[in-house]
Amino acid sequence: MSDFSPSQFLSHCSTDALSDAAKVLKNGGLVAFPTETVYGLGADATNFAAVSRIYEVKGRPSDHPLIVHISSLDGLGVWAREIPEYAIALARDFWPGPMTLVLLRSELAKDFITGGQDTVGVRVPAHALALGLLHEFAKLGGLGIAAPSANRFGQISPTTAKAVTEEIGEHLSSQDLILDGGPALVGVESTIIDCTGASPRILRPGAITDEMIFESTGIALSDSGDAIRAPGSLESHYSPRAKVVLNAIPELGEGYIAPATIVTPAGVIRLASPSTNEEFARDLYSALRSGDALGLSTIVVVAPEGEGLAIAIRDRLTRAANEPI
Ligand code: TXA
Ligand code: MG
């Protein structure tokens with residue numbers, strides 16, 4: 001998993017800054033922090049008042065469950081019970097990394113984390129600052145950091161600290177913090193895998209693909225149904241202000257995101273030209289944001305074809321456009 005390996009951004013934040021941030025969490029404050037996928041808005045996952053502030057700042061309905069971030073597989077049993085063997089295999093292979101496991105909850109995972117469901121989502125992020133924060137928080141007795149993406153409800157997840165400030169800065173209070181770890185390397189949210197059945201089931205596609213899951217577990221994935229709620233799968237989500245139109249020819253003055261091999265028609269504003277799916281995922285949200293910053297009314301996106309990460313990119317694009325492709 002060298003693509004997501006934690007190491008790059010430690011220089012942006014001293015250990016002192018991380019221990020101060022851990023204290024903020026311990027005192028019930030909020031800390032926005034980088035992960036390899038997108039930036040998260042963190043709170044002490046055992047503190048009801050702190051977690052309630054996440055919902056206020058995001059403007060998010062309170063029955064939407066949150067992911068608990070932990071520093072290693074060792075902490076999984078604190079938050080989950082009856083963990084199947086295939087989930088342990090996944091955790092060993094892909095943590096730290098862009099993967100969230102949904103498991104039956106322990107008593108510690110209260111309704112204010114799980115949205116009242118009997119399951120909890122848990123993830124070990126692969127980012128030096130996130131892991132550093134989790135370690136400092138553990139030193140203070142912290143057991144996990146609840147963190148949704150650090151955007152207002154329904155908007156695009158932030159992939160830079162600047163985007164976090166633009167999204168939620170005005171809703172944070174003076175005790176809260178935003179840690180800057182540079183741009184997120186993966187760029188789309190973690191793969192969410194329901195591990196409560198006999199076989200794993202993908203609830204949200206991401207950088208950990210179905211092939212990787214099959215290779216790790218040796219078990220065929222079960223088809224998605226909707227027995228479990230994953231509100232990130234609301235139809236309209238991940239939306240910029242501009243109208244997103246998929247796989248069309250852009251007109252004069254419109255924004256354009258397309259693979260590098262496609263040329264920009266005259267009078268069209270090119271926002272990104274990714275050469276690979278990895279680059280597409282990494283640059284997509286910042287490109288959509290830059291379209292909004294330019295005040296564009298329409299952004300045309302040519303969706304990548306194929307399997308793997310392309311599935312996650314098409315999933316987010318479909319929701320941004322709120323239309324099937
Ligand atoms: O990459 C990520 O996962 C980022 C970073 C910050 O870790 N986090 C993230 O969180 O995307 P959020 O809250 O924006 O999206 C998490 C999704 C939501 O759609 C939520 O409904 C789903 O995970 N989820 C969380 N716990 C769940 C559970 N117990 N059962 C089903 N879905 C769950
Ligand atoms: Mg989100």
Side-chain angles (χ1 to χ4, degrees), residues 4 30-43 45 51 54-55 57-70 79-81 94-106 109-127 129-131 133-134 144-159 163-164 167-168 179 181 184-197 201-208 224-239 281 285 312 315-316 319-320:
F4 326 112
L30 302 183
V31 176
F33 62 95
T35 82
E36 79 284 28
T37 58
V38 299
Y39 275 67
L41 176 62
V51 171
I54 290 182
Y55 287 94
V57 168
K58 277 186 65 87
R60 175 174 175 159
S62 60
D63 62 344
H64 284 221
L66 297 173
I67 296 170
V68 178
H69 295 69
I70 57 174
W79 290 96
R81 64 188 155 88
F94 302 125
W95 277 351
M99 176 185 75
T100 297
L101 300 181
V102 169
L103 294 153
L104 289 176
R105 66 173 166 178
S106 73
K110 304 292 185 206
D111 285 351
F112 61 82
I113 291 293
T114 71
Q117 303 179 93
D118 196 30
T119 57
V120 62
V122 185
R123 165 164 126 81
V124 179
H127 192 292
L129 283 194
L131 288 172
L133 179 63
L134 283 160
I145 301 176
S149 51
N151 51 282
R152 294 281 290 170
F153 181 62
Q155 306 294 309
I156 305 168
S157 299
T159 53
V164 174
E167 275 285 326
I168 58 166
L179 299 181
L185 286 180
V186 176
V188 293
E189 303 80 357
S190 61
T191 305
I192 301 180
I193 308 172
D194 172 13
C195 298
T196 60
R201 187 165 65 104
I202 294 183
L203 299 178
R204 179 176 70 183
I208 302 300
S224 30
D226 51 8
I228 286 195
R229 288 182 292 128
S233 45
L234 286 175
E235 267 162 32
S236 175
H237 219 81
Y238 313 108
S239 304
Y285 290 161
D315 170 75
R316 304 312 191 275
R319 296 174 207 289

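Residue numbers start at 1 and run along the sequence shown. Numbering of ligands and ligand atoms starts at 1, following listing order.
- Separation of atoms CG (L41) and CD (E167) is listed at 11.0 Å; rounding is to 0.5 Å.
- Taking CD1 of I113 as the start and OG1 of T119 as the end, the distance is 12.0 Å to the nearest 0.5 Å.
- At a threshold of 4.5 Å between non-hydrogen side-chain atoms, the residues R81 and D118 count as touching.
- Put simply, the side chain of R316 reaches to within 4.5 Å of the side chain of Y285, judged on heavy atoms.
- Between E36 and R123, at least one side-chain nitrogen of the basic residue sits less than 4.0 Å from a carboxylate oxygen of the acidic one, meeting the salt-bridge criterion.
- Going from atom CG of D194 over to atom OG1 of T196 covers 3.5 Å, rounded to the nearest 0.5 Å.
- Taking 4.5 Å as the limit, every side-chain heavy atom of R60 sits out of range of all side-chain heavy atoms of N151.
- Distances between N or O atoms of T119 and those of ligand 1 include at least one value under 3.5 Å.
- The shortest distance between side-chain heavy atoms of V102 and P65 does not fall below 4.5 Å.
- If you number the atoms of ligand 1 from 1 as listed, the ones under 4.0 Å from a heavy atom of S149 come out as 8 (N), 9 (C), 10 (O), 12 (P), 14 (O).
- Shown in contact with R204 at under 4.0 Å from a heavy atom are these atoms of ligand 1, numbered in order with element: 2 (C), 3 (O), 9 (C), 11 (O), 15 (O), 16 (C), 17 (C).
- A heavy-atom separation below 4.0 Å is not found between T114 and ligand 1.
- Put simply, part of R60 is less than 4.0 Å from ligand 1, judged by heavy atoms.
- The closest approach between any non-hydrogen atom of H64 and ligand 1 is not below 4.0 Å.
- Among the backbone and side-chain atoms of S157, none of the N, O or S atoms lies under 2.8 Å from the Mg ion (ligand 2).
- The contact set between ligand 1 and G121, taken as ligand atoms under 4.0 Å from a residue heavy atom, comprises 26 (N), 29 (N).
- Taking any N or O of T37, backbone or side chain, at least one lies under 3.5 Å from an N or O belonging to ligand 1.
- For ligand 1, the polar-atom distance check finds an N/O of H69 within less than 3.5 Å of one of the ligand's N/O atoms.
- Contact annotation: the side chain of T191 never approaches that of F94 to less than 4.5 Å [non-hydrogen atoms, C-beta and beyond].
- Looking at G40, G206, P65, it is P65 that brings a heavy atom closest to atom 20 (C) of ligand 1.
- Considering only non-hydrogen atoms, atom 22 (C) of ligand 1 lies nearest to I192 out of V188, I145, I192.
- Contact annotation: for V120 versus ligand 1, heavy atoms closer than 4.0 Å belong to the backbone alone.
- Every atom of ligand 1 with a heavy atom of S190 under 4.0 Å away is listed here by number and element: 1 (O), 2 (C), 3 (O).
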